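Report on one structure; see the data block that follows.
Computed from a prediction, not measured in an experiment: that's the story for all the values here. A note on names: the letters A, B, ... follow the listed sequences, proteins ahead of strands, and every chain is numbered from 1.
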Protein chains: 2
Amino acid sequence: MFDASPLTQARPLSPRDGDVAHLPALNGPVATFSAGSEIYAQGDRAGTLYQVAFGVVRVYRLLADGRRQICAFHMVGDVFGFEAGIARHVFADAVTTTGLRTIRPSSDADLSRELYRLAMQSLGHAHDHLLTVGRNDAAGRVAAFLLEMADRQGTHGEQTGRAQINLPMSRTDIADYLGLTIETVSRVLTRLKEARILRLTSSRELQVLRWDALEDLTA
Amino acid sequence: MFDASPLTQARPLSPRDGDVAHLPALNGPVATFSAGSEIYAQGDRAGTLYQVAFGVVRVYRLLADGRRQICAFHMVGDVFGFEAGIARHVFADAVTTTGLRTIRPSSDADLSRELYRLAMQSLGHAHDHLLTVGRNDAAGRVAAFLLEMADRQGTHGEQTGRAQINLPMSRTDIADYLGLTIETVSRVLTRLKEARILRLTSSRELQVLRWDALEDLTA
DNA sequence: CGGTGCGTTGAATCCGGTCAACAGTTGTGG
DNA sequence: CCACAACTGTTGACCGGATTCAACGCACCG
């Protein structure tokens with residue numbers, strides 16, 4: 001459809017760019033959260049940062065009528081919990097059973113430098129995500145989502161067999177991440193299946209048959 | 001056309017405490033950019049931060065086919081230019097004639113602490129903006145945009161006469177900020193006029209007659 | 001078994017996009 | 001000064017994609 005010019009790379013910058021942060025917290029104790037349990041809520045006192053040891057976390061904002069916008073999914077190694085002020089202005093809870101290490105920002109120069117870099121990665125991701133939500137149709141958003149998940153699982157571009165992606169989150173979560181409805185997400189996935197771009201091995205697991213086709217969809 | 005008012009931005013939703021930053025750069029020289037001129041481009045080497053002395057800046061991402069998503073408008077006092085890595089992954093250029101002071105991040109602890117806070121404000125704004133783009137219809141997005149502009153100009157909630165909002169940017173800019181088309185933006189504005197919620201004094205200036213109605217639209 | 005949560009599929013509706021024409025403003029040059 | 005072009009913004013008609021509403025399949029679990 002469109003050829004991606006080298007300048008305008010729409011590809012999300014993978015959080016693995018600087019790979020998993022080597023933070024002091026990596027040695028700390030791991031707190032376990034069961035699927036669906038709250039990590040923090042809007043209005044809570046901010047300050048603590050978290051690093052995902054295992055599992056998946058969703059960070060989101062809510063509207064009064066229940067509409068939800070998921071800002072990001074956080075997976076192994078990711079650090080989240082950055083806030084501008086004294087209070088949380090987003091919610092965070094565990095998608096699956098999740099282990100977290102807490103980080104208390106110290107005055108250590110090297111540490112805060114590293115945390116700054118990680119926070120800027122969050123900002124970069126937010127910008128990327130804004131682009132996909134604001135300027136892609138339903139198919140493009142789902143494609144972008146799948147490519148992001150593949151990146152995170154290190155299976156992006158792998159040949160058949162290794163091209164497995166598993167989705168730890170529900171259709172509702174995906175829809176709320178992409179600004180769509182669950183029905184639309186479902187329909188796009190079946191259309192991608194019918195177009196031989198994906199193979200849906202189960203509702204939470206799929207195979208990518210044609211990466212290039214997926215990338216074309218994100219335009 | 002753009003008066004540099006004292007800018008007492010009292011944010012109702014997100015607690016954006018401590019407005020204009022008191023940064024050392026405030027005393028530095030101001031570089032002037034004419035309307036439309038580029039400040040930096042995607043791929044440029046990152047590192048420099050900027051503070052707006054006067055005027056308006058748009059920060060955006062581009063797709064290969066020209067589609068654009070504006071991430072943020074920056075006005076007097078705002079600091080922008082934060083990046084995760086060594087290279088820019090967004091574009092920035094002047095909407096109107098704009099003056100900028102440059103900030104080179106030093107090792108000063110207090111400065112970096114302040115810059116960290118400002119960077120986190122950018123992250124918070126990105127999350128807010130993602131919510132409006134992802135979970136609001138056209139009217140809700142335009143309403144959210146107008147409320148944001150009013151906040152920035154310190155006219156939010158003011159009675160008739162002071163309820164003037166001026167829009168330094170074109171309809172195209174607004175559309176690319178909200179993930180809409182210029183036609184839709186225009187239609188929403190005329191509908192808001194017909195509903196006696198706004199009064200359009202000119203294409204770049206309007207009056208808010210009913211703030212509550214605007215806020216209801218954002219749901 | 002029936003209940004519940006999750007996902008898929010279908011049909012009808014509607015909102016926003018697309019295409020097109022037109023109006024208002026600014027700027028340029030004869 | 002006027003004529004014209006170029007740009008920006010508005011409005012209309014039509015269309016299509018995403019939502020809405022609804023039914024159904026399926027796995028899991030009491």
Side-chain angles (χ1 to χ4, degrees), chain A residues 1 34-36 58 63 65-69 95-96 132-146 166-195 198-206 217 219, chain B residues 1 34-36 58 63 65-69 95-97 132-146 165-195 198-206 217 219:
Chain A
M1 189 182 289
S34 61
R58 63 177 164 245
L63 285 174
D65 60 349
R67 276 178 297 173
R68 187 177 64 156
Q69 177 65 48
V95 175
T96 64
T132 67
V133 171
R135 286 295 168 204
N136 269 325
D137 59 9
R141 298 187 208 183
V142 171
F145 168 72
L146 293 177
N166 75 325
L167 307 175
M169 66 292 288
S170 69
R171 296 288 188 270
T172 303
D173 283 336
I174 300 174
D176 286 352
Y177 183 57
L178 299 175
L180 299 171
T181 61
I182 53 175
E183 293 95 329
T184 300
V185 172
S186 183
R187 270 185 262 265
V188 169
L189 286 175
T190 53
R191 254 195 296 140
L192 292 179
K193 179 190 70 179
E194 287 162 1
L198 300 180
R199 182 196 310 270
L200 307 179
T201 55
S202 87
S203 74
R204 296 297 186 99
E205 201 164 45
L206 54 86
L217 283 173
Chain B
M1 81 181 293
S34 62
R58 61 176 165 246
L63 249 26
D65 61 348
R67 277 177 297 174
R68 187 177 64 154
Q69 176 65 50
V95 176
T96 64
T97 303
T132 68
V133 170
R135 286 296 169 204
N136 269 325
D137 59 10
R141 298 186 208 184
V142 172
F145 168 72
L146 293 177
I165 301 180
N166 74 328
L167 307 174
M169 67 290 287
S170 69
R171 295 289 188 268
T172 302
D173 284 336
I174 300 175
D176 286 351
Y177 183 57
L178 298 175
L180 299 171
T181 61
I182 54 176
E183 294 95 330
T184 300
V185 171
S186 183
R187 269 186 264 267
V188 168
L189 286 175
T190 52
R191 255 196 295 137
L192 292 179
K193 180 189 71 179
E194 288 164 359
L198 301 179
R199 182 196 311 268
L200 307 178
T201 56
S202 89
S203 76
R204 297 297 185 99
E205 200 163 46
L206 53 85
L217 284 173

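- Separating the NZ atom of A/K193 from the C1' atom of C/dT9 is a distance of 11 Å, rounded to the nearest angstrom.
- When the P atom of D/dG9 is taken as reference, atom CG of B/L189 falls 11 Å away, rounded to whole Å.
- As a whole-Å value, the separation of B/I182 CD1 from C/dA23 C1' is 14 Å.
- Legend: residues meeting ring-ring contact (aromatic ring centres under 6.0 Å, His included) with B/F145, ordered by chain and number and at least two apart, are B/Y177.
- In the region residues 166-175 of chain A, proximity to DNA chain C at under 4.0 angstrom, judged on heavy atoms, holds for A/S170, A/R171.
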Using a cut-off of under 3.5 Å, enumerate the N/O to N/O pairs linking the protein to nucleotides 24-27 of chain C.
none

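- One finds the CG atom of B/L146 at 6.5 Å from the CG atom of B/L167 (value rounded to the nearest 0.5 Å).
- Separating the CG atom of B/L192 from the C1' atom of D/dG9 is a distance of 16 Å, rounded to the nearest angstrom.
- For the side chain to side chain donor-acceptor pair (under 3.5 Å) test, no residue two or more places apart in sequence or in another chain qualifies with A/D137.
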Walk me through it: do B/V188 and B/L180 pass the test side chain to side chain contact (heavy atoms under 4.5 Å, CB included)?
CA-CA 11 Å; B/V188 168; B/L180 299 171; 5.8 Å; no

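- The shortest heavy-atom contact between B/V95 and B/P168 is CG1-O, 3.6 Å.
- Among residues at least two apart or in separate chains, side chain to side chain donor-acceptor pair (under 3.5 Å) pairs with a member in residues 184-195 of chain A are A/T181-A/T184.
- Atom CD of residue A/Q69 and atom CZ of residue B/R135 lie 6.0 Å apart, to the nearest 0.5 angstrom.
- When all heavy atoms of A/L217 and A/A143 are compared, the closest pair comes out as CB-CB, 3.8 Å.
- Comparing C/dT9, D/dT11, C/dC6 by their nearest atom to the side chain of B/T190 picks out D/dT11.
- Taking five base pairs at each end of the helix from C/dC1-D/dG30 to C/dG30-D/dC1, the local helix axes there meet at an angle of 20°, rounded to 10°.
- Shortest non-hydrogen contact noted between A/V133 and B/G134 is CG1-CA, 3.7 Å.
- Taking CG of B/N136 as the reference point, atom CG of B/L178 lies at 10.0 Å (rounded to 0.5 Å).
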Can you check each nucleotide of nucleotides 15-30 of chain D against protein heavy atoms at under 4.0 Å and return B for base, S for sugar-phosphate only, - for none, in 5' to 3' order?
---SBBBB--------

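- By the side chain to side chain contact (heavy atoms under 4.5 Å, CB included) test, B/S202 pairs with B/R204, B/E205, sequence neighbours left out.
- Under the rule for a salt bridge (charged side-chain N to carboxylate O under 4.0 Å, His left out), the partners of A/R68 that lie at least two apart in sequence or sit in another chain are A/D173, A/D176.
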